[in-house]
Amino acid sequence: MGEQLIKKIGVLTSGGDSPGMNAAIRAVVRSANYYGLECVGIREGYNGLIEENFTKMGPRSVSNIINLGGTVLRSARSMEFKTKEGRQKAYNNCLKHNIEALVVIGGDGSFTGAKIFSEEFGIKVIGVPGTIDNDIFGTDNTIGYDTALNTAMEAIDKIRDTATSHNRVFFVEVMGRDAGFIALNSGIASGAVDILIPERKDSFEDLIISFEKAKKRGKNSSIVVVAEGDKLGNAYQLAERTKERFPDYDIRVSILGHIQRGGSPSCADRVLASRLGFGAVTGLLKGLTNVMAGIQSNQLVYTPIDDAIKKHNEINQDLLLISEVLAL
Ligand code: ADP
C-alpha cells in the first residue's frame, strides 16, 4: 500500500442514521485490521469524541452486524462539536489515544464538522456518505438510499391495494426535505400518477391536470407521491386543496416517516457500504484527507469534502419525463 502514514484511526457514525451504516463500520474495522491499523470505535457521533466514549474494535467486534439497520456505534447530533471548545476537547481525546485519522460516516452536516475539525487540528478525515436522501455530491448513491427506496416502494404497493379497492386518491409523503430522489424513484417504481419534488417547480394546476387526465382515461384510483420538502405544500395541505376542487374524491393521506430509515440494508447498500468503508481506509493509507469516498460509474472515487458538501447531484431529467409518460 505504499508508505504507511498512520497507525491508528477512529470511526464514528453521525447525524441521521441510515441502513447500511453497520456494514460500513464493519468494512472500516476489518479493512483497518487487514492493513495493520488499530481502530477505535467512537460512540454517539461527535459527542463520543468529546466525552471520550471510545471502544477498541477488532474484526470480531463487528461480527453479525452487516445485516442490521441503524448503527451499533449509535449516532447523535452534537451541539458542542459546533463550538471551538467542544472540538478542542475532541482533539485532546484524539491526542490522548493517538488517533491520527477519522472515518466519519454521515451526511453533509457531519462532513462539515469533519472538515472544520481537520482544518483546525490537522487530524486526517475521510467521509463515507451515509444518508437515505441521496443528496451528497461525489457518489451515485449514498448508503441507505436503496433500502429506503425499497421500503417506500413496498409501502406504496400496499397503499395501492387499498386505494384500488375503494376508488381512493392517496397522497403519500416520503422523506426528502431538500431532495426528491426517494420520491421520484419510488414514485416511478410504484406507478404514481404524479410526483412532487422540491427540485421542480410544479403548480397546483399541474397536479389538477394530472387528476383530470387520470379520470378521463378511466383510472379510478390514484397515488401521488410527495417529497416532504416539496414547495407546493405537505401532503395534508395538498389533500385539502384537492378536496376543494374535487369534492367527490375520497382522498387519504399517508406519511411514511421513519420506517424509511430503518430495516435490514438491501444487498446494494451492503455492497456499497463495504466498498466505501474499504475505500476510506485505503484512502487514508494513501495519505488522503478531507475527501469523501464514493462510487461513481462503478468506480471508487474520492471527492474533496468541500465539493461533497456544497455541490449537488442533479435530478435526472429523463426520469422526470419517464414519470410523466408512464403515468398516462
Ligand atoms: P447529517 O450528517 O445527517 O447531515 P447533521 O446536519 O445533524 O446530520 O450533522 C451532524 C453533526 O455534525 C452535528 O450534530 C454536529 O455535531 C456536526 N456539525 C454539523 N455542522 C457543523 C458545523 N458547522 N461545525 C461543526 N460541527 C458540525
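Numbers here are sequence positions counted from 1. Both ligands and their constituent atoms are indexed starting at 1 by order of listing.
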Lys89/Glu51 salt bridge by N-O under 4.0 Å criterion: no
Protein residues that have a heavy atom under 4.0 Å from any atom of ligand 1, sorted by chain and number: Ser14, Gly15, Gly16, Tyr46, Arg77, Ser78, Phe81, Lys82, Arg87, Gly107, Asp108, Gly109, Ser110, Thr112, Gly113, Ile116
Geometric class of the Phe81/Tyr46 ring pair [parallel <30°, tilted 30-60°, perpendicular >60°]: parallel
Aromatic plane relationship, Phe181 with Tyr145 - under 30° parallel, 30 to 60° tilted, over 60° perpendicular: perpendicular
Gln88-Asn92 side chain donor-acceptor pair, cut-off 3.5 Å: yes
Partner residues of Phe204 under the ring pair (Phe, Tyr, Trp, His ring centres under 6.0 Å) criterion, sequence neighbours left out: none
Side chain Arg160, main chain Ser190, donor-acceptor under 3.5 Å: yes
